There are 2 protein chains.
Amino acid sequence: MKSLKISEAVVKRLPIYLRFLNELSKKNVLTVSSQDLGQKLNLNPAQIRKDLAYFGEFGKKGIGYDVTYLIEKIRQILKLDRQIPVALVGSGNLGRALCNYNIYLRDQMKITAIFDSSPDKIGQVINNMSVLPMEHLADVIRDSSIRIGIITVPAPEAQNVANQFVKAGIEAILNFAPSILKVPEEIRVHHADFTAELQSLAYYLPE
Amino acid sequence: MKSLKISEAVVKRLPIYLRFLNELSKKNVLTVSSQDLGQKLNLNPAQIRKDLAYFGEFGKKGIGYDVTYLIEKIRQILKLDRQIPVALVGSGNLGRALCNYNIYLRDQMKITAIFDSSPDKIGQVINNMSVLPMEHLADVIRDSSIRIGIITVPAPEAQNVANQFVKAGIEAILNFAPSILKVPEEIRVHHADFTAELQSLAYYLPE
DNA sequence: TAGATTGTTAATCGATTAACAATC
DNA sequence: TAGATTGTTAATCGATTAACAATC
């Protein structure tokens with residue numbers, strides 16, 4: 001069942017599985033069934049089994065999934081088993097919040113450089129990192145092998161930052177600015193758009 | 001074409017349309033075609049037409065959509081044409097970032113109360129609002145007719161906050177904590193999960 | 001063995017896209 | 001009128017769920 005085209009929906013669920021498995025592991029739970037997982041995560045057990053089966057046979061019939069083994073496998077699939085340095089541009093409240101989330105991301109994926117264009121931000125220390133000027137972006141990305149860029153600047157500046165990321169050789173971008181980025185198609189862009197999220201929530205309010 | 005079941009995917013795109021239309025409006029653009037919209041938003045024009053057609057006939061054949069009129073209509077659909085007060089719990093960096101985003105949300109949807117359980121946060125002023133103690137949550141939500149709650153506390157506290165929101169009569173929740181909430185099914189929960197977003201991004205990195 | 005649970009196929013359901021008549 | 005573009009139907013594509021043989 002290898003090297004089939006995996007849908008984005010599947011990939012988006014893997015981190016959810018991983019997070020919950022980590023909680024189980026912390027509680028010394030040894031095995032878990034798709035039934036259990038589905039219950040806790042509000043997902044259909046068949047879907048969970050199918051998602052995992054895209055990548056291999058990780059379970060044991062009649063038993064379920066070994067928690068530790070499944071964690072290891074999902075981390076491999078998501079490439080979280082290696083170091084992935086991340087750069088962030090925009091050291092406002094949101095940028096700072098994300099830097100402090102480093103704890104959650106664990107060691108493999110880590111914001112290792114923060115940039116800002118505003119002179120009064122440069123030099124500030126966030127989570128043991130100094131905020132660097134934009135002029136250093138390309139060099140730092142190259143020297144630290146940074147592969148992912150996070151954009152937390154205001155919307156009007158987002159495209160400009162994206163351009164600089166692309167020129168510097170970044171491979172994927174997570175954009176928090178409420179704006180659509182134009183980038184070469186080999187660059188993967190994910191969009192974390194909470195104003196849109198909040199506005200769509202209003203739709204579902206009872207009259 | 002009314003009162004059909006509208007899919008979540010459609011509703012999630014409406015704020016994207018709205019945002020871009022607002023930009024057009026600011027530039028005094030009068031009409032726009034699904035073609036144009038699709039180009040700018042990286043979406044299929046047919047999809048855009050279909051999305052809008054669920055809610056009415058907003059365009060003119062041969063012409064396109066009147067920008068001002070379409071803005072008005074989408075705002076109605078999303079219930080953004082009325083006041084929707086929002087409460088936020090958790091005044092860390094992320095909470096503060098969201099409060100400052102109030103500008104983007106414009107006047108209709110607005111964070112009007114901030115809560116925290118930590119004594120050294122209570123009383124701090126963020127964007128002209130004092131951080132209130134959790135003990136006041138239920139009263140403030142009732143008195144200010146708050147309908148939406150945002151959760152920006154650490155994961156282990158998120159369910160507890162959700163419970164308090166539900167008890168206080170909130171109708172929808174936007175959860176930023178990396179945890180799955182259990183709430184009654186009439187409460188709508190959206191999940192803004194950027195650690196998951198970032199982890200799924202790693203999957204797409206070239207080998 | 002009996003019970004539980006996987007991996008996988010088939011069935012269903014839903015979302016996107018293409019195509020085109022209607023019409024501005 | 002000719003060109004452009006909608007609204008909508010039909011075709012395609014994709015994702016979810018049900019069902020069950022295989023097997024621990």
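Each chain gets a letter, A, B and so on, in the order the sequences are listed, and its residues count up from 1. The analysis underlying the following values was restricted to heavy atoms, covering all of them including side chains, and did not include hydrogens, waters or symmetry mates. As the structure is a prediction and not an experimental result, all values here were calculated from the model.
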Does this structure show an ion pair linking A/Glu23 with A/Arg19, if we count only N-O contacts that are shorter than 4.0 Å?
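Salt bridge between A/Glu23 and A/Arg19, a charged N being under 4.0 Å from a carboxylate O: no.
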Least distance between heavy atoms, B/Cys99 atom then B/Leu88 atom:
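Reported closest heavy-atom pair: SG-CD1, 4.2 Å.
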Output yes when at least one side-chain N/O atom of B/Tyr54 is less than 4.0 Å from OP1 or OP2 of C/dT16, else no.
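Checking C/dT16 against B/Tyr54, no side-chain N or O comes under 4.0 Å of OP1 or OP2.
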Residue-phosphate contact under 4.0 Å: B/Arg13 side-chain N/O, C/dT16 OP1/OP2
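For B/Arg13, the contact criterion (side-chain N or O under 4.0 Å from OP1 or OP2 of C/dT16) is met.
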Under the side chain to side chain contact (heavy atoms under 4.5 Å, CB included) test against B/Ile16, which residue among B/Leu41, B/Leu21, B/Ile48 passes?
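So, applying the side chain to side chain contact (heavy atoms under 4.5 Å, CB included) to B/Ile16 and each of B/Leu41, B/Leu21, B/Ile48, only B/Leu41 qualifies.
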If you take the centroid of each ring, where Trp contributes its six-membered ring, are A/Phe194 and B/Phe194 closer together than 6.0 Å?
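Between A/Phe194 and B/Phe194, which both carry aromatic rings, the centre distance is not below 6.0 Å.
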Considering only [options], which nucleotide approaches the side chain of [X] most closely?
{"X": "B/Arg49", "options": "C/dG7, D/dA18, C/dA19", "value": "C/dA19"}
{"X": "B/Ala53", "options": "D/dT23, D/dA18, D/dT8", "value": "D/dT8"}
{"X": "B/Asn44", "options": "D/dT8, C/dT17, D/dA19", "value": "C/dT17"}
{"X": "B/Glu57", "options": "D/dA15, D/dA22, D/dT8", "value": "D/dT8"}
{"X": "B/Ala9", "options": "D/dT16, C/dT6, C/dA15", "value": "C/dA15"}
{"X": "B/Lys61", "options": "C/dA18, C/dC24, C/dT6", "value": "C/dC24"}

So B/Gln47, base contact, sugar-phosphate only, or nothing? Heavy-atom distance under 4.0 Å.
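Base contact - B/Gln47 has a heavy atom under 4.0 Å of at least one base atom.
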Check whether A/Tyr65 forms a cation-pi arrangement with A/Lys60 (NZ or CZ under 6.0 Å from the six-membered ring centre, at most 45° off the ring normal).
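Checked: cation-pi criterion not met.
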Once you round it to whole Å, what is the distance between C1' of D/dT6 and CG of B/Asp36?
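Taking CG of B/Asp36 and C1' of D/dT6, I get 13 Å after rounding.
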Taking NZ from A/Lys50 and P from D/dA19, how many angstroms apart are they, rounded to a whole number?
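That distance rounds to 16 Å.
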Whichever of B/Gly62 and B/Leu52 has its nearest DNA chain D nucleotide further upstream toward 5':
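Its nearest nucleotide being more 5', the pick is B/Gly62.
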Given that A/Asp51 and A/Ile63 both sit by DNA chain D, which one's nearest nucleotide is further toward the 5' end?
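The residue mapped nearer the 5' terminus is A/Asp51.
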C/dT23: pairing nucleotide in any strand, Watson-Crick or G-U under 3.5 angstrom:
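Partner of C/dT23: D/dA4.
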Partner nucleotide of D/dA10 by Watson-Crick or wobble geometry (both distances under 3.5 Å)
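Result: C/dT17.
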